[in-house]
Structures are given as structure tokens and as C-alpha cells.
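Worksheet for the structure shown next.
A note on names: the letters A, B, ... follow the listed sequences, proteins ahead of strands, and every chain is numbered from 1. No hydrogens, no waters, no symmetry mates; every other heavy atom, side chains included, goes into these values.
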Number of protein chains: 2
Amino acid sequence: MPIRPAPRVAEPEVCSPVTCKDCGIYGLCREVNGPDVDLRLLETIVRNRKLFKRGELLYRVGEPLRAVYAIRSGSIKSYVVTNDGRVQITGFHITGEVLGLGALVANQYMSEARALETTMVCEVPVDVLEAYSVEVPSIRQQMLKIMSQEILDNQELMLLLGKKNSDERLATFLLSLSRRFQRRSYSPTQFNLSMSRSDIGNYLGMAEETVCRVFTRFQDDGLLATERRQVKLLDQDRLKSIARI
Amino acid sequence: MPIRPAPRVAEPEVCSPVTCKDCGIYGLCREVNGPDVDLRLLETIVRNRKLFKRGELLYRVGEPLRAVYAIRSGSIKSYVVTNDGRVQITGFHITGEVLGLGALVANQYMSEARALETTMVCEVPVDVLEAYSVEVPSIRQQMLKIMSQEILDNQELMLLLGKKNSDERLATFLLSLSRRFQRRSYSPTQFNLSMSRSDIGNYLGMAEETVCRVFTRFQDDGLLATERRQVKLLDQDRLKSIARI
DNA sequence: GACTTTCACTGACTTAGATCAACCAAACAG
DNA sequence: CTGTTTGGTTGATCTAAGTCAGTGAAAGTC
């Protein structure tokens, strides 16, 4: 049996709320706060803060679109369900990201969304969003950009599920999270996973046990250090070559 | 070795073009041909027929959106490619279906599309489409409906790739094709597969050989009859229970 | 603080499906 | 018409990852 050092990593940092600058709808807020526009959107958004506890539902598939959500702090999972009850997680959303925009197409939510931990969101009612997307053209642009990123993310997940092995899947997952934390001004090398091993396995199409084993092997190989949900990436280059990014 | 009867199936029917009534953009054509609108859209569409031979490319990922396509006859595959060259087919499109609408979000194509056989399409230039979607509100509705179906199809594929075994995958695939042929007024029980076993395997995330083996087993079990690309579904109920639909 | 539940991890074993290799039939090219 | 290529099928073998079972640690709960 190989000796594994099981290196300690720092305590989880307090989950601080994102600044508006790092928020996915900052573009929207900034636009309506330009020289010639009033503060109504920002005010509406700021007034509509909502808190979801771990496990609470934001919306269900098929429900009429009420609002889209920007995550100020915390994290959320999106998933779809078969008629025989099997679940496929289709995305994790972290602080600063926006979800629910896919619902704009059909005017109803296309998936279910559930908080992974205590999560504070800015709720943007759809009528407010639509009114402003008419008044301020670049809001429309911003929304389309987020929606097209959603399509690309889905395609990337299809590729991962259809064509990658377990090592590639987990490496891809960790590097994607890393990149997204960096974009929101968090550390790209050290972060806390708010989802369970089981959720990761579900998302990546592998068994929970396999997720654990790959984590352990990556740790043995000096690629990263983990302690439960705290992760420290030690060799991003090698992870990239494993993920084939 | 079990004796397999290898039942004969009828010759492939001639691939006849879809009637406008069965076409995915019929709603659009009909709208602009209502009592108070002129014939410009239909004329534009009918004038812009294009023929693609097997293997020819309709568009590449990243190319600026020029037009969307309605298939009059033939079939097309959409796919995405990793930077190391692996391919994941994300959809097959048959006669009567519309493709390219996903590109409206980012104003550029999100995947590559290639003809599986000699394929006749109605090309709808994006400026024509946009002009009419302003004039005729229900065209916008029709487009949104097709786009939301695309999102749902992607989610279904993620679920299939992440959570289903080989039998479920192939049964799901065949029943999905069957339903779509039926919608376009073709036989739901007997049809021609325009894609190779290798393409089916790629789409469903399984090896070509596994696709063959499952076809053979389904045939042995009396669920269907195949001869190369010609398929006859013999027991849709049992297929449904396998697919868990 | 004791009890229960949940979660992460590990080992032993099994298996679905991949890979490798070969063959045949149809389609195609000259 | 003949040689060549492509696509579909099958058998033999291998292996990556799933399943089952058990343990310990952490996090809730009363």
C-alpha cells in the first residue's frame, strides 16, 4: 500500500458575496446606470434579494418564467429528471453567475434548480428584464451572450459524457471550476466544492466511488490536495494535459 | 449458436421530398401567406433551394450566421469537435426539420452541420427571417418553439449519455426517430437510417460494434427487423419499456 | 453530550462494453 | 467485369468502471 501524505489544506474561506463588478449581470446593471438612464433596474434587483437554504428549490421544469437569478453568494445545481426518476445534473452555478435565462426561449423553465448551500440571489423579474432589454439594447446583447454560453456548456458536457474517460472528466471539471472562480476574482487554485461527491459523479456520468478513487489517485500523483470538499490544485499544467484542454 | 431468421424487409422507399404541410417552417410560410400578407417569404425560401451531396458541409462552428435551413429531402448531422479532434454528434436532422436556429443567439453557428446523403434544403437568409419575425409576431413564436425543442433535445441527450445503458440508448434513439418520421407523415415503423452504425455509436456514446450487437439482439428478440440501414420496428411497446419512455 | 444520519473513502469482486481481429457483402473505381 | 474500398457483423479477449460491502469522520439532531 503506497503511503499517501494526505496534505493539509487551509480552512475553507468564508463564503463572501460577490462584488457587483464580478457579477454576471454587472453588464446589465452598469448599462442601466449609464449617464442617461435611471437607477430603476439596479434598485429593483437590489430590492429583490432572496435567500435559499441548502436543498431549497428555485424553480421547477415547466413552471412559467417569473425571474432570472444572479448568485451573490453560494451555489446552485440545475438538473433534469426522466419520467422514471433518474436525475442528470446539467450544471453547477457559482457565485457571480446567472441562471434561468434559458427559460426566456419558451417562457418556462427548462430544468430544475436547487441551492447546494445557503445561497443569496438577486432576483430579476422577467418583466423588468424585458422592459429594460427594449430600452437598453446592450442588455439584450448581454443576455444573448449568457444564453449562448449555456448552449456551449451543454455541448461541452455532451462531449465529456460521450467521449471522455473518468480521469479526463474529473480534470475537466476541476479546471472548469478553477477558470470560473478566477473570472469572479476568487483563487483559481484553492476552492471549496459545495457539491457532494455523489453530485459530481452524477454530473460527470460516473459512480460516486469512482469520483473518490480518481481524487485519491490525483492526490497520490501530486496533482492536487484534497480534504473533503476543500481542493488545492497543485499542478494545473498536468491537469490540463490529462483533461486534454 | 441460435438460429436467426434474418427476416427480409421491403426495399428502401424512394426518398421523397417533404410537402410544405409537413415542413418545420410551414408555420412560418403559412403565416406570411395569410390574408393580409404577401408571398415574399415563401418566394424567397422557394427561390433559395440548395442541394448538398453526402459529406458536404452546411456550416462550421463560429461562422457568422447567414441562414437557417429547412430540410426538404435528405438528412443532416450536427456535431461538435474537441481541440484534440474528438467528435461528438449532437443531433441528426431529417426531412421536414429545421436547423441552424441556435445560431440566432450568438449570431454565429454553434456546431458543424454535414449532409448524411444527397439533401435538398430551403435556405432562409437570416435578414429575411428577422424582417418577417418583426412583421409577423407568430413567426417569432414558431422560431422560439423550435429553439426550445433544441434545448430539450440536448438535455435528453445528456441524460441518455450520463444515465442509460446500451439497450436503453438504442431503443430511445429508434423510438425518437420513429416519432419524428410519424410527425412528418412517414411510416413510424419502417424507415431507412441515413447514418452509419459508426455515426449512431458516436451519437449514443457507444462503440460501433456495440451498436451492431444490440441491433442483432433486438432482432433475435423479435423487437425489430433490420437489413443494413433499413429498419422495421416490430414491437414498439417492448421497445418503449426497454427505453423506459 | 449522545445519538443518528450523511458523506467520503477503500477494498473485493463483477460486468458491460471497449478493443482487437477477422470476415463478408455491398458499393465503387478503373 | 475485376480489384478495391467501405460498412456491417461477429467472436475472443480485456479492462475501466460499476456494484457491493464495510469503515470512519463529520455534521446535524434531540
Side-chain angles (χ1 to χ4, degrees), chain A residues 1-9 11-12 53-55 77 86 116-118 160-171 173 192-220 224-231 242, chain B residues 1-9 11-12 53-55 77 86 116-118 160-171 173 192-220 224-231 242:
Chain A
M1 204 204 309
I3 296 151
R4 193 155 2 94
R8 290 265 146 187
V9 290
E11 285 301 299
K53 287 210 211 83
R54 179 186 138 88
K77 64 177 170 183
R86 280 179 286 184
L116 286 165
E117 58 192 316
T118 301
L160 178 144
L161 292 172
K163 300 284 166 292
K164 294 187 174 183
N165 66 28
S166 293
D167 285 15
E168 293 171 334
R169 290 179 198 209
L170 191 63
F173 171 69
N192 191 47
L193 300 171
S194 57
M195 68 294 289
S196 66
R197 298 290 193 260
S198 162
D199 275 348
I200 296 173
N202 180 298
Y203 177 62
L204 298 177
M206 48 204 268
E208 182 180 346
E209 295 93 325
T210 308
V211 176
C212 287
R213 279 184 248 271
V214 178
F215 261 122
T216 303
R217 191 150 34 75
F218 281 0
Q219 179 154 301
D220 290 347
L224 49 76
T226 59
E227 187 170 358
R228 300 189 69 79
R229 297 190 175 190
Q230 193 63 207
V231 180
I242 289 172
Chain B
M1 204 203 308
I3 296 150
R4 193 155 2 94
R8 289 266 146 186
V9 289
E11 285 300 299
K53 287 208 212 83
R54 180 186 136 88
K77 63 177 170 183
R86 279 179 287 184
L116 287 165
E117 59 191 317
T118 302
L160 179 144
L161 292 172
K163 299 284 166 292
K164 294 188 175 183
N165 66 28
S166 293
D167 285 16
E168 292 171 333
R169 290 180 198 208
L170 191 63
F173 171 69
N192 191 47
L193 300 171
S194 56
M195 68 296 287
S196 67
R197 299 291 193 259
S198 162
D199 275 348
I200 296 174
N202 181 297
Y203 177 63
L204 298 178
M206 48 204 269
E208 182 181 347
E209 294 93 326
T210 308
V211 176
C212 286
R213 278 184 249 271
V214 179
F215 261 122
T216 303
R217 189 150 35 76
F218 281 180
Q219 178 154 302
D220 290 347
L224 49 77
T226 60
E227 189 171 358
R228 301 188 69 79
R229 297 191 174 188
Q230 192 64 207
V231 180
I242 290 173

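Following rounding to the nearest Å, B:E227 (CD) and C:dA27 (P) show an atom-to-atom distance of 10 Å. D:dA25 atom C1' lies 17 Å from atom CD of A:Q230, rounded to whole Å. Atom pair B:L193:CG and D:dG7:P shows a separation of 15 Å (rounding to whole Å applied). Per the geometry, CZ belonging to A:F218 stands 16 Å off C1' belonging to C:dC9, to the nearest Å. Straight-line distance from the CE atom of A:M206 to the P atom of D:dT19: 13 Å, rounded to whole Å. Atom CG of A:D199 and atom C1' of C:dT6 are 13 Å apart (whole Å). Computed from coordinates, the A:Q219 CD to C:dA8 C1' distance equals 12 Å when rounded to whole Å. When the P atom of D:dA17 is taken as reference, atom CD of A:E208 falls 17 Å away, rounded to whole Å.
Listed pair B:S196 / D:dT6 fails the phosphate criterion, with no side-chain N or O lying under 4.0 Å from OP1 or OP2. A close approach under 4.0 Å does not occur between any side-chain nitrogen or oxygen of A:R213 and OP1 or OP2 of D:dA17. Within the 4.0 Å cut-off from OP1 or OP2 of C:dT10, at least one side-chain nitrogen or oxygen of A:T216 is found.
Between B:T226 and B:L193, the closest side-chain pair of non-hydrogen atoms is not below 4.5 Å.
Residue A:N192 is tested with A:R228, A:E117, A:Q230 for a side chain to side chain donor-acceptor pair (under 3.5 Å); the sole match is A:Q230.
Among D:dC20, D:dT10, D:dG8, the nucleotide with an atom closest to any side-chain atom of B:E209 is D:dT10. Listed nucleotides D:dT9, D:dG18, C:dA18 differ in distance to A:T210; the shortest reach to its side chain belongs to D:dG18. The side chain of A:A207 lies closest to D:dG18 when the candidates are D:dG18, D:dT10, C:dA8. Residue A:N165 places its side chain closer to D:dA17 than to any other of D:dA17, C:dC9, C:dC7.
Heavy-atom distances to DNA chain D give each of A:R228 and A:S166 a nearest nucleotide, and the one nearer the 5′ end belongs to A:S166.
Counting only distance, with no hydrogens or angles, the side chain of A:R169 and the backbone of A:L161 share a donor-acceptor pair below 3.5 Å.
Nucleic acid contact class of A:G205 (heavy atoms, under 4.0 Å, all strands): sugar-phosphate only. Among the protein residues, B:R169 comes within range of no part of the nucleic acid, since none of its heavy atoms lies under 4.0 Å from any strand.
With salt bridges taken as basic N to acidic carboxylate O contacts below 4.0 Å, one links A:E168 and B:R86.
Nearest heavy-atom pair, A:L116 versus A:R54, reported as atom, atom and distance to 0.1 Å: O-CG, 3.6 Å.
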